[in-house]
2 protein chains.
Amino acid sequence: MSLRIALLGLLTVSGPSSGYDLTKLFEGSINHAWQAGHSQIYPELNKMAADGLVTVEEEGPRGRKTYAITDAGSLELRRWLVEKEPSRSHRSEAALRAFLLPTLEPQEALALLRAEVEVYDAKLEALEALWRSKSLAEVGFGKYALDLGIRQIRTVRDWAADTAAAIESSGGGARP
Amino acid sequence: MSLRIALLGLLTVSGPSSGYDLTKLFEGSINHAWQAGHSQIYPELNKMAADGLVTVEEEGPRGRKTYAITDAGSLELRRWLVEKEPSRSHRSEAALRAFLLPTLEPQEALALLRAEVEVYDAKLEALEALWRSKSLAEVGFGKYALDLGIRQIRTVRDWAADTAAAIESSGGGARP
DNA sequence: CTAAACATGTAAACGGTTACATGATTCG
DNA sequence: CGAATCATGTAACCGTTTACATGTTTAG
């Protein structure tokens with residue numbers, strides 16, 4: 001159900017858009033929160049139109065169909081946000097790897113953690129540049145999600161750095 | 001593929017176990033990193049046995065089958081951890097909600113955020129109690145994952161609190 | 001003319017969730 | 001004896017990923 005909600009949100013903020021537009025918007029904005037490719041988006045838009053949540057506003061060149069959100073769609077989005085109990089379960093490979101770390105030799109675990117720190121440092125820099133580059137007004141929509149995304153990446157980065165330090169100081173370092 | 005890896009990890013640390021045991025272990029340990037029910041675990045164990053990653057060590061009462069990890073299984077786990085490039089994409093409803101927050105009226109957004117802060121506070125307390133209750137030795141396995149889990153929840157909590165404060169101070173508060 | 005970008009779709013396979021289904025053993 | 005717990009499985013459904021498939025328009 002959440003793909004539908006994400007699409008309703010994008011249509012609310014960006015105005016009438018085609019499936020193609022929405023696929024690009026997905027990549028460029030909501031991507032760190034939710035992922036979907038065009039093969040999922042096109043059929044979903046058709047179903048949403050059948051359910052009356054969006055309408056085909058106009059048909060352009062190359063079979064382009066521009067969808068607009070309906071009142072029923074806006075209501076659905078609002079209901080989901082306000083009334084639906086959020087699902088807080090999350091599945092992350094980072095956490096699974098954290099769990100499995102003690103099955104490795106300390107030196108191997110250290111190497112993995114250090115590599116992760118580097119990757120997350122790079123990600124952090126990219127997101128922080130994005131934060132700085134857009135004027136606050138331009139970010140607007142997506143601002144809260146970007147803030148959360150940056151904080152979450154920093155959290156994993158710091159955890160990896162601290163855990164590496166802890167393993168190192170407890171005998172995982174270089175052998176004499 | 002990750003369910004398979006999680007099961008290999010549990011078998012490594014807890015020793016030979018039945019599907020039933022593994023289902024319980026899943027709930028009690030790895031649950032905040034990955035979820036799986038018995039209906040997923042039993043067929044997977046059968047497939048893993050067919051692939052030679054685990055063996056049925058003994059058959060007990062009530063049809064109980066005790067599985068043990070094989071050398072091939074250990075190798076598979078190690079390979080996954082060391083050689084496989086981690087997937088860093090994550091899907092969280094919290095992030096999607098953060099993204100959609102600006103489609104609501106400030107007062108509604110505030111109410112949602114405040115409710116979230118309370119829920120995450122409660123979760124934090126539960127996990128921190130778990131952290132304190134187990135001796136470090138007893139936690140052992142799962143220690144790193146628990147640490148990461150606590151940090152991640154604290155991050156979301158703090159984001160929600162800060163965002164609520166920001167919305168409040170910019171006109172979302174009580175009307176005069 | 002040709003390559004890139006625009007634009008939409010379908011199908012197979014996979015993984016996860018929920019519900020259904022069954023039966024054995026232990027404890028009070 | 002009855003309830004709780006132990007113990008294993010299957011089937012239907014849904015959402016996601018990957019691959020296949022097709023055709024148009026624009027820019028160089």
Side-chain angles (χ1 to χ4, degrees), chain A residues 1-8 10 14 16-28 30-51 54 56-67 80 84-85 87-93 95-96, chain B residues 1-8 10 14 16-28 30-51 54 56-67 80 84-85 87-93 95-96:
Chain A
M1 270 304 95
S2 299
L3 170 61
R4 179 167 288 214
I5 298 299
L7 291 172
L8 289 173
L10 285 175
S14 304
S17 317
S18 69
Y20 187 84
D21 295 337
L22 289 165
T23 305
K24 297 281 162 164
L25 280 170
F26 230 100
E27 277 167 24
I30 210 174
N31 199 46
H32 53 98
W34 210 264
Q35 302 93 240
H38 78 276
S39 66
Q40 212 185 340
I41 290 171
Y42 288 126
E44 187 64 28
L45 284 169
N46 283 326
K47 276 186 238 156
M48 287 162 78
D51 293 347
V54 297
V56 179
E57 278 250 303
E58 72 175 305
E59 309 216 9
R62 285 174 278 203
R64 178 190 169 91
K65 287 190 262 178
T66 307
Y67 293 91
W80 186 86
K84 195 217 156 210
E85 182 70 7
S87 144
R88 277 142 196 129
S89 76
H90 74 138
R91 220 183 274 269
S92 87
E93 224 188 88
L96 179 58
Chain B
M1 272 302 95
S2 301
L3 171 61
R4 179 168 288 216
I5 298 301
L7 291 172
L8 290 172
L10 285 175
S14 304
S17 317
S18 68
Y20 187 84
D21 295 338
L22 289 166
T23 305
K24 298 280 161 165
L25 280 170
F26 231 100
E27 278 167 25
I30 209 173
N31 199 46
H32 54 98
W34 211 265
Q35 302 93 239
H38 79 276
S39 66
Q40 212 185 340
I41 290 172
Y42 288 126
E44 188 64 28
L45 284 169
N46 282 327
K47 276 185 237 157
M48 287 162 78
D51 293 346
V54 297
V56 179
E57 279 252 302
E58 72 174 304
E59 308 217 8
R62 284 173 279 205
R64 176 189 171 93
K65 288 190 261 178
T66 305
Y67 293 91
W80 186 86
K84 194 217 157 210
E85 182 70 7
S87 144
R88 278 143 196 128
S89 76
H90 74 141
R91 222 186 218 99
S92 85
E93 225 187 86
L96 180 58

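All chains are named by letter (A, B, ...) in the order of the sequence lines, taking the proteins before the strands, and each is independently numbered beginning at 1.
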| Spacing of A/D21 atom CG relative to C/dA5 atom P, expressed in whole Å | 16 Å
| Rounded to whole angstrom units, what separation is found between the CZ atom of A/R64 and the C1' atom of D/dT25? | 13 Å
| task | Mind checking side chain to side chain donor-acceptor pair (under 3.5 Å) for A/N31 and listing every partner two or more places apart, or none if nothing turns up? | result | none
| field | Between P of D/dT8 and CZ of B/F26, the distance in whole Å | value | 16 Å
| A/S39: partners by side chain to side chain contact (heavy atoms under 4.5 Å, CB included), with sequence neighbours left out | none
| query | Between atom CD in A/E58 and atom P in C/dT8, what is the gap in whole Å? | reply | 12 Å
| query | Residues in ring pair (Phe, Tyr, Trp, His ring centres under 6.0 Å) with B/Y20, at least two apart? | reply | none
| If each of A/E44 and B/P43 is mapped to the nucleotide of DNA chain D with the nearest heavy atom, which maps nearer the 5' terminus, i.e. the 5' end? | B/P43
Using the 3.5 Å cut-off, write out each protein N or O paired with an N or O of nucleotides 24-28 of chain C and the distance between them.
none

| task | List in chain and number order the residues that pass side chain to side chain donor-acceptor pair (under 3.5 Å) with A/K47, two or more places apart in sequence or in another chain; answer none if no residue qualifies. | result | none
| task | Give the B/S/- string for nucleotides 11-22 of chain C, one per nucleotide from 5' to 3', where a protein heavy atom under 4.0 Å of the base yields B, of only the sugar-phosphate yields S, and otherwise -. | result | ----SSBBB---
| field | Length of the CG-C1' vector between B/N46 and D/dT8, whole Å | value | 9 Å
| remark: The side chain to side chain donor-acceptor pair (under 3.5 Å) partners of B/Q40 (sequence neighbours excluded) come to none
Anything under 3.5 Å between a donor and an acceptor, one on a side chain of residues 60-67 of chain B, the other on a protein residue two or more places apart or in another chain? List them.
| residue | atom | partner | partner atom | Å |
| --- | --- | --- | --- | --- |
| B/R64 | NH1 | B/S18 | OG | 3.3 |
| B/R64 | NH2 | B/D21 | OD2 | 2.6 |
| B/Y67 | OH | B/N46 | OD1 | 3.4 |

| request: Measure the distance from CD1 on A/I41 to P on C/dC6 and round it to the nearest whole Å. | output: 15 Å
| Non-hydrogen side-chain atoms of B/R91 and A/Q35 separated by less than 4.5 Å | yes
| request: Report the distance from atom CG of A/L22 to atom P of C/dG9, rounded to the nearest whole Å. | output: 12 Å
| query | Would you say a side-chain N or O of B/Y20 is under 4.0 Å from OP1 or OP2 of D/dC6? | reply | yes
| field | For the student: nearest non-hydrogen atoms of A/L96 and B/A6, plus distance | value | CD1-CB, 3.9 Å
| What is the distance from NE2 of B/H90 to C1' of D/dT16, rounded to the nearest Å? | 17 Å
| said: For a quick test of reading the model: is some side-chain N or O of B/Y42 closer than 4.0 Å to OP1 or OP2 of D/dT8? | reply: yes
| task | Check salt bridge (Lys or Arg N to Asp or Glu O under 4.0 Å) between B/K24 and all other residues, then give those that pass, not counting sequence neighbours. | result | none
| said: Using OP1 and OP2 only, check whether a side-chain N or O of B/K24 sits under 4.0 Å from D/dT5. | reply: no
